[in-house]
Amino acid sequence: MHNAVYLITAKSSGEQLLIDAADDVDTLASLLQEGAADSEHPASLRFIVTTHAHWDHTRATGALAARTGAKVAIGRADARQLEKERGVDADVLLEHGDRVEIEGVSLEVISLRGHTPGSIALATSDGHPALLFTGDSLFPGGVGNTGHVPERFAQLFGDVTERLFAVFDDNAQVLPGHGDPTTLGAERPSLPEWRERGW
């Protein structure tokens, strides 16, 4: 599925946060070791944050949490699916406006409902440009799959418009769950087309 996995390592402490433990726990462990080189202190994975509970973003979540002792965090409305399909009880249930923090790094939780009920994005609050880890809610060329259900599309399009495009400037970097990164500026002119397309 060519899923994207993102790792943040705090240089000051070695604390790490991994976004979407998609698959292959050994490969993810190697990624953690590579990230440890960014810090002078021993690295430790503190959080595995799951942008949504779909199978292709969660296959290694339980195994990586068991191996590292990291806490699993997910949007509250997706927690039951994660438990049912992966046998993983989340340690942290996230709501819109929450923050996930490791030393020196704070990520804002942005609820983007529609792809799944509990889909979230994570946004850096310091530095410029902002980094937006959008899971499967925003890609180059449009919002995520809403199953051709008009109500789901309206919810996701509304959340993406009001909570991302209306808040962050054009330089904000969009780091999606699959495919290439983009910027809000590159995508903003297409919003009317997306609304009209309606999928």
Side-chain angles (χ1 to χ4, degrees), residues 3-10 15-20 46-54 57 72-79 90 92-147 149-199:
N3 290 68
V5 175
Y6 300 99
L7 175 67
I8 298 171
T9 301
E15 286 187 335
Q16 294 177 315
L17 180 152
L18 185 132
I19 300 170
D20 285 348
R46 185 171 176 195
F47 290 108
I48 301 166
V49 183
T50 303
T51 59
H52 63 290
H54 281 166
H57 292 260
V72 175
I74 192 170
R76 181 179 295 276
D78 274 14
V92 182
L93 302 181
L94 299 170
E95 304 277 6
H96 181 68
D98 286 348
R99 290 193 173 274
V100 181
E101 297 180 329
I102 57 177
E103 186 172 345
V105 180
S106 179
L107 299 177
E108 178 186 358
V109 176
I110 302 170
S111 178
L112 300 175
R113 303 154 295 179
H115 181 63
T116 67
S119 286
I120 60 167
L122 299 167
T124 57
S125 54
D126 298 324
H128 189 269
L131 302 178
L132 306 175
F133 302 93
T134 57
D136 284 2
S137 293
L138 178 62
F139 297 101
V143 299
N145 179 16
T146 55
V149 178
E151 294 79 11
R152 287 176 57 193
F153 172 80
Q155 180 73 79
L156 181 55
F157 183 81
D159 280 356
V160 164
T161 301
E162 295 164 13
R163 297 177 175 183
L164 297 183
F165 284 96
V167 173
F168 297 93
D169 66 27
D170 283 350
N171 292 320
Q173 301 286 311
V174 176
L175 302 169
H178 306 266
D180 295 328
T182 185
T183 66
L184 289 187
E187 305 304 321
R188 194 182 301 275
S190 299
L191 286 172
E193 176 190 340
W194 300 354
R195 182 187 290 111
E196 181 66 24
R197 186 172 63 195
W199 53 261

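Only this structure's heavy atoms are used, side chains among them; waters, hydrogens and symmetry mates stay out.
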For this session: May I ask you to decide if His52's main-chain N or O and Asp78's side chain share a donor-acceptor pair within less than 3.5 Å?
Result: no
Exercise. Would you say Ser190's side chain and Glu193's backbone share a donor-acceptor pair under 3.5 angstrom?
Worked result: no
Exercise. Is Asp20 reaching over with its side chain to a backbone N or O of Thr51, donor-acceptor style, under 3.5 angstrom?
Worked result: yes
Problem set entry | Donor-acceptor pair, side chain of Arg188 and main chain of Phe165, under 3.5 angstrom | yes
Exercise. Okay, side chain of Asp98, backbone of Glu95: is any donor-acceptor separation there less than 3.5 Å?
Worked result: yes
Exercise. Do you know which of Arg113, His115, His96 makes side chain to side chain donor-acceptor pair (under 3.5 Å) with Asp159?
Worked result: Arg113
Exercise. Under a 4.5 Å cut-off applied to non-hydrogen side-chain atoms, are Leu175 and Ile19 in contact?
Worked result: no
Exercise. What orientation do Phe153 and Phe157 show, parallel under 30°, tilted 30 to 60°, or perpendicular over 60°?
Worked result: parallel
Seminar exercise, completed: Here the pair of heavy atoms bringing Leu132 nearest to Ala123 is CD2-CB, 3.5 Å
Problem set entry | Nearest heavy-atom neighbours spanning His57 and His178 | NE2-NE2, 3.2 Å
Exercise. Do Tyr6 side-chain atoms and Gly177 backbone N/O form a donor-acceptor pair below 3.5 Å?
Worked result: no
Problem set entry | Approximate separation, where rounding is to 0.5 Å, of Leu18 CG and Thr9 OG1 | 9.5 Å
Exercise. Do you know the tightest heavy-atom contact between Asp169 and His128?
Worked result: OD2-NE2, 3.0 Å
Exercise. Are the side chain of Glu15 and the backbone of Glu103 linked by a donor-acceptor contact shorter than 3.5 Å?
Worked result: yes
Exercise. Is there side-chain contact between Thr183 and Asn171, with heavy atoms separated by less than 4.5 Å?
Worked result: no
Exercise. Among Val49, Leu17, Leu131, which residue meets the side-chain contact (heavy atoms from CB on, under 4.5 Å) test with Leu107?
Worked result: Leu17
